[in-house]
K.L.:
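First the structure, which I've put down as structure tokens, then a few questions once you've had a look.
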Amino acid sequence: MNAVLAELESWEKTDMPENRYDKESIGELRADVRHLQSDVTDIKAELRAMNGRIESLSERVERRFVAFEEKIDKRFEKVDARFETVDKRFDSLGRDISAIKDTLAAAKVWAIGLYAGLGAAILYVMAHAFKWL
């Protein structure tokens with residue numbers, strides 16, 4: 001095809017009459033053009049088929065991603081439920097720790113009272129031993 005076009009361009013540069021193009025070369029050019037048109041038509045048909053395949057593949061991949069997302073969402077719902085039970089346990093642990101703090105605070109008051117009583121008892125024993133009383 002390129003050789004024919006190059007030949008036509010070289011003929012156009014020279015000042016030759018129009019009838020120089022004989023019917024055979026015009027017929028050959030038309031046949032080449034028809035051949036190219038049929039090739040282009042075949043390529044377009046193959047391209048449409050390929051686009052259809054790509055679309056179907058895209059839909060299949062999209063469906064798989066949606067199914068995967070649903071599966072992951074279900075798993076995360078289970079994990080969220082587990083975290084809620086852990087949060088409840090931490091809340092109860094916090095209440096238990098605050099109860100222990102209150103108990104220790106009460107024990108400190110008792111301990112201070114016992115230490116004061118022990119100190120007074122030791123001073124009483126010492127005063128009695130030194131015959132201060």
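All values reported here derive from a predicted model rather than from experimental measurement.
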K.L.:
Quick one: list whatever passes ring-ring contact (aromatic ring centres under 6.0 Å, His included) with Trp110, sequence neighbours left out.
P.N.:
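For Trp110 there are no ring-ring contact (aromatic ring centres under 6.0 Å, His included) partners, ignoring immediate neighbours.
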K.L.:
Do Val79 and Arg75 come within less than 4.5 Å of each other through their side chains, counting heavy atoms only?
P.N.:
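Heavy-atom side-chain distance check fails, nothing below 4.5 Å.
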K.L.:
Report the residues that fulfil side-chain contact (heavy atoms from CB on, under 4.5 Å) with Ala111, sequence neighbours left out, ordered by chain and then residue number.
P.N.:
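Ala111 satisfies side-chain contact (heavy atoms from CB on, under 4.5 Å) with Tyr115 once adjacent residues are dropped.
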K.L.:
Side-chain heavy atoms under 4.5 Å apart, restricted to Ile/Leu/Val/Met/Phe/Trp/Tyr: what other residues fall into the cluster of Phe68, or is it alone?
P.N.:
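For the cluster that includes Phe68, the remaining residues are Ile72, Phe76.
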K.L.:
Would the distance check show the side chain of Thr103 and the main-chain N or O of Ala99 forming a donor-acceptor pair, the cut-off being under 3.5 Å?
P.N.:
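Present.
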K.L.:
Quick one: side chain to side chain donor-acceptor pair (under 3.5 Å) pairs with a partner in residues 33-54, sequence neighbours left out?
P.N.:
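Qualifying pairs: His35-Asp39.
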K.L.:
Output all residues satisfying side-chain contact (heavy atoms from CB on, under 4.5 Å) with Leu114, sequence neighbours left out; order by chain, then residue number.
P.N.:
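None.
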K.L.:
Restricting to side-chain contact (heavy atoms from CB on, under 4.5 Å), what partner residues turn up for Ile122, sequence neighbours left out?
P.N.:
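Per chain and number, Ile122 pairs via side-chain contact (heavy atoms from CB on, under 4.5 Å) with Leu118, Met126.
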K.L.:
Show the atom names and distances, to 0.1 Å, of all donor-acceptor pairs under 3.5 Å that link a side chain in residues 80-89 to residues at least two apart or in another chain.
P.N.:
residue, atom, partner, partner atom, Å
Thr85, OG1, Arg82, O, 2.5

K.L.:
Using 0.5 Å steps for rounding, measure from the CD1 atom of Ile97 to the CG atom of Asp102.
P.N.:
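So the CD1 of Ile97 and the CG of Asp102 are separated by 12.0 Å.
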K.L.:
Other hydrophobic cluster members with Leu104, side-chain heavy atoms of Ile/Leu/Val/Met/Phe/Trp/Tyr under 4.5 Å, chained?
P.N.:
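ILVMFWY cluster around Leu104 also holds Ile100.
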K.L.:
With Arg60, which residues qualify under side-chain contact (heavy atoms from CB on, under 4.5 Å), at least two apart?
P.N.:
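Leu57, Arg63.
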K.L.:
For the hydrophobic clusters of this structure (ILVMFWY residues joined by side-chain heavy atoms under 4.5 Å, transitively), does one cluster hold both Phe130 and Val125?
P.N.:
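No: no chain of side-chain contacts under 4.5 Å links Phe130 to Val125.
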